[in-house]
Structures are given as structure tokens and as C-alpha cells.
**Student:** 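Here it is, the structure, as C-alpha cells.
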There are 2 protein chains.
Amino acid sequence: MTETTKKFRRRAEARPDEVLDAALSVFVAKGFAAAKVDDIARQAGVSKGTVYLYFPSKEALLEGIVQRAVSPIADRAAPDMAQFEGDPRVPITRLLHMLCGVLTQADTIAIPKLILREVMNFPAIAEMYRRNVLDKVVPVLTGLIARGIAQGYLRPVDPELTIRSVVGPIIAHIALSEIFDIRPIDGLAMERLVENHIDILFRGICADPQEARP
Amino acid sequence: MTETTKKFRRRAEARPDEVLDAALSVFVAKGFAAAKVDDIARQAGVSKGTVYLYFPSKEALLEGIVQRAVSPIADRAAPDMAQFEGDPRVPITRLLHMLCGVLTQADTIAIPKLILREVMNFPAIAEMYRRNVLDKVVPVLTGLIARGIAQGYLRPVDPELTIRSVVGPIIAHIALSEIFDIRPIDGLAMERLVENHIDILFRGICADPQEARP
DNA sequence: TGTAAATAACTGACCAGTCAGTTATTATCT
DNA sequence: AGATAATAACTGACTGGTCAGTTATTTACA
């Protein structure tokens, strides 16, 4: 009997992650409220009792999923933007294309969608996401804009409010597509959206008009 | 006994609306899943059976709320933008300030928030909103941008994608504030946000740079 | 053989939806 | 006008199914 197929795994190192994987797929498919712990257990190849061996409640499963998914996000994007010096268009462009990639793949978009779907019913999720992602990313972005202004790259816009203008259009595009099924005739067109958005944004915030499109 | 205090009302004209009012307040307070039909009935000053006299199911209550709230939205904004000729900045500015007003008042923001909260669990709600609001508003906005380009007011941006750049920042601002409790130190600052956004947007999309700020 | 891991059968709270019965209002008749 | 019949509006106890969480039992490994 191989390591992976044996039914009982003493010490159970891999079990929690497997259960979270199963929970994620069931939550995504049916939503938290309609998801049954029995389904999650079956999907994980385990009985319901085993699920409760590792997680104290159904809600803890949801929190576990978000917890596990959320940490890498900020750690990926934040560091290289934090101490960036120079034209802010470079890291902003990079950020938008990164977002573009993440939100285009079916598997990576699942977690943001799940969070969006349940966040209003579970304040704990909202706070976790805020603490682990937004509180890290928002100040970094704000600082980036502020530095861009100080160094003469950008016009004197309000840095804190301008980050809404940076990411807002992406959010709107995804929301229209994912929630309401509204997208351009030729598909999601994420790349085209980012291009169009960057074109408008940079012309809108750059100090030197003729440099707006490098 | 006055008309309003009598218990039985022939033809029962006002009851459905009262039940929907009650349902709205309970759904907003606890979310659809956690809301009990008994609570809604009590809030409406009526028994549970009466609720089912007027609505076939709990879900029908949610649909009724959205149905009732949704029709006026598009009818308000769309008509005057549909056949507007001239500088598109005028109706866009008007639209953004209108949104600003709607989303700032506690009572009017309740319904969009409820829709956002439940839309992913109830495809029927998503479709209703799309049919009654988005399918009307989106083409009107797209047409407005397209006409602005044709008449030389705007640069040749992609009209369909540019509307994401028009409303996206507002959505991002509201989402940060309402979901994650992230807002500028001095409060929501909705007016300031719109100002900052318009400043960037118009400079970004206008054909004539020095006319960007009229 | 001892024990940790896993199971499957169980429990009890919960609540959407029903329906037989009650009460208020209106219609009809004298 | 008063009395009675008819009906519309409303009630709340009840049911049936669901499902999160628990526990008594079994299994596999050292």
C-alpha cells in the first residue's frame, strides 16, 4: 500500500489541507449556506467526524480557506512596490498586469469570488482580509503615488483617493463579467481593458502630457 | 377606527408593500439566510401565514424587494443621457454626482448593499438587475462616450471599456468603505473622491488637454 | 496490546411552508 | 335600520425535512 493511498494516516499531516481544498471547491460550487459538511467530507475522501477532528466548525473551514489563501497575496505584490523609486508608472503597470493575470485564471479567481460572496455575512472574514491584504497593500500604493508626486512624475492628485482610480476600473470589469455576465463581444478582453485603462489613467495623472504614453 | 389602524383591509392593497418593507429591514439586518420569515411577519405586524398569502416563498420576498427598487433606477438616469448631444462631460459629471448622492444616504445605499450581498447566491436576482438596470444604462453610457468621440470632444478611447473607468473608482471607494471599513481620515469624503476622480478621468479622456478642466 | 485515527450512526435544534380554523368586513334581505 | 349570510383577511400550531455537531464503535498501526 503506497503512502498516498493508505487510508489511515497517523499524525495526519496532510489532512487539514485536503479538507480545506474540498471545502473550497464545495463552497465555490454551492455557496457557504448551501454547502453541507457531509459533502465536504465526501469530497475530501473522509467522514464528517474527521472534518471535525481538524476544524471546530463549518465557519472555521471558511476562515481556514481565506487564511491560507490570503497571506501570499500581499507578500507577493507589496515588497517590490514599497521602496520603489522612480516613475510610478512602472510598478503600476506591473501591478495591473499581475492583477489581470490572477483574475483571468479560473482557479485563482475562485478565492476572491468566494470572499466577495461571503464577506458580508462573516465580519471575521472581512477583517482578516483587511488586516492581511488591504492594510498592507493600500499604504504601499498610496506611498507610491505620493512619492511620484513629490518627485515630479505625477500631478498633485490626492494619493489616497487616486488608488481608487487605479484599481477601480479593474474591479468594475470583473464585477460586470463575473456577476452579471456582461462582457465585450470578443470575450473578457482583460488585456484590452488594462490597456485602455492605463492609457486614460496615465494621461490623467501624469505631470508631463507628452510623456503620458511612453 | 381609522383607515390605517383597522386590522383587516378589504382588497388588502397596502399589505404587500408593508411586508416588503419589513423583509427589507430584516434582510439588511441579518442577511437572507439568517432572516426568519417569522421575524419579517412580526416586523410587518402580521402573522407568518399572511406573508405567505402575498408571497409564495421567502425567496420571492427578496425578488420582490429588488423588483420594486430596481425599476426606478434606470428610468431616472437613462433618459436624459440617451439623446444628449454635446460635451459628454456634462452628463457624466451629473451621473457621478447623482451616484454620489445615492450612495451617501444610509437608506438608499441599503438596497444596493443587499443586492451585492445576495446576488451571487440568487442568479435570478442577478438577471433581474442586469435586465432592468445594466442592460439599459450600459448602452446609454457607451453611446454617450462614442458620440463624444465622434464629435471630437473625446480622444478615441474604447467606449465600451471606458465606462469601467468612469464608474469603477466609485465602486472601489464604496466597496472599501462599506465592506472593509477603509476610508479617509475625514470620513467617506465622497465629494472629494468624485472631484479627484473627475479631474483624472477628464484629463485622461479629453481630446483637448487644456480644456480638460473647464 | 494499547492507542490514535477514523467512522457511521445518532441527536436535537431549527425553520420554511401548510392548513384548519377564526375574525373582521361587506353584501343581501327584510 | 337591523339581522343574517357570505367572503375576504388573517392566524398560529403543526409538520417534515434538513443538517451542524456529537459519540460510541471500529480500524490500523507501533
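Just so you know, these numbers use all the heavy atoms, side chains as well, and skip hydrogens, waters and symmetry mates. Worth saying up front: this structure is predicted, and the values here are computed from it rather than measured. Proteins get letters first, then strands, A, B, ... in listed order; numbering begins at 1 in each.
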**Student:** Before accepting this row, confirm whether a basic side-chain N of the pair R164(A)/D158(A) lies closer than 4.0 Å to the acidic partner's carboxylate O.
**Tutor:**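 Salt bridge between R164(A) and D158(A), a charged N being under 4.0 Å from a carboxylate O: no.
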
**Student:** Send over the distance from R42(A) CZ to dT7(C) C1', rounded to a whole Å.
**Tutor:**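 Checked: the CZ to C1' distance equals 14 Å.
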
**Student:** Nearest nucleotide by nearest heavy atom, which residue falls closer to the 5' end of DNA chain D, G49(A) or A34(A)?
**Tutor:** A34(A)

**Student:** Rounded off to whole Å, could you give me the CG-to-C1' distance for the D38(A) and dT18(D) pair?
**Tutor:** 11 Å

**Student:** Write down the distance between CZ (F55(A)) and P (dG21(D)), rounded to a whole number of angstrom.
**Tutor:**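 Whole-Å distance recorded here is 13 Å.
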
**Student:** Atom NZ of K58(A) to atom P of dT18(D): distance rounded to whole Å?
**Tutor:**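 To the nearest whole Å, that distance equals 15 Å.
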
**Student:** What's the OH-P distance between Y52(A) and dA24(D), to the nearest Å?
**Tutor:** 18 Å

**Student:** Heavy atoms under 4.0 Å, any strand shown: does A41(A) hit a base, just sugar-phosphate, or nothing?
**Tutor:** nothing

**Student:** Can you measure E59(A) atom CD to dA20(D) atom C1' for me and round it to whole angstrom units?
**Tutor:**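 In whole Å, dA20(D) C1' and E59(A) CD are 12 Å from each other.
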
**Student:** Side chain of V37(B): nearest nucleotide among dG21(D), dT7(C), dA16(C)?
**Tutor:**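 For the V37(B) side chain, the nearest candidate turns out to be dA16(C).
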
**Student:** Quick one: does K48(A) reach the base of dA20(D) with a side-chain donor-acceptor pair under 3.5 Å?
**Tutor:**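 Pair found.
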
**Student:** Using a heavy-atom cut-off of under 4.0 Å over every strand shown, decide if A60(A) touches base, sugar-phosphate, or nothing.
**Tutor:** nothing

**Student:** Can you tell me how the ring of F27(B) sits relative to the ring of F32(B), calling it parallel under 30°, perpendicular over 60° and tilted otherwise?
**Tutor:** tilted

**Student:** Would you please say whether a donor-acceptor pair under 3.5 Å links the side chains of T162(B) and N196(A)?
**Tutor:** yes

**Student:** Between dC10(D), dA20(D), dG21(D), which one does the side chain of S47(B) approach most closely?
**Tutor:** dC10(D)

**Student:** Could you state the atom-to-atom distance from CG of L61(B) to P of dC15(C) in whole Å?
**Tutor:**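 Computing the L61(B):CG to dC15(C):P distance gives 16 Å.
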
**Student:** Nearest to the side chain of K36(B), heavy atoms from C-beta on, is which of dA16(C), dC10(D), dG21(D)?
**Tutor:**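 From the listed options, dA16(C) comes nearest.
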
**Student:** Please walk me through it: do N132(B) and Q67(B) pass side-chain contact (heavy atoms from CB on, under 4.5 Å)?
**Tutor:** CA-CA 9 Å; N132(B) 289 298; Q67(B) 190 74 264; 3.8 Å; yes

**Student:** Ignoring the backbone of L53(A), work out which of dA5(C), dT18(C), dC10(D) is nearest its side chain.
**Tutor:**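 Nucleotide nearest to L53(A)'s side chain: dA5(C).
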
**Student:** What is the distance, rounded to the nearest whole Å, between atom CZ of F32(A) and atom C1' of dC19(D)?
**Tutor:**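 Taking atom C1' of dC19(D) as the reference, CZ of F32(A) is at 12 Å.
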
**Student:** Going by an N to O cut-off under 4.0 Å, is there a salt bridge joining R183(B) and D181(B)?
**Tutor:** yes

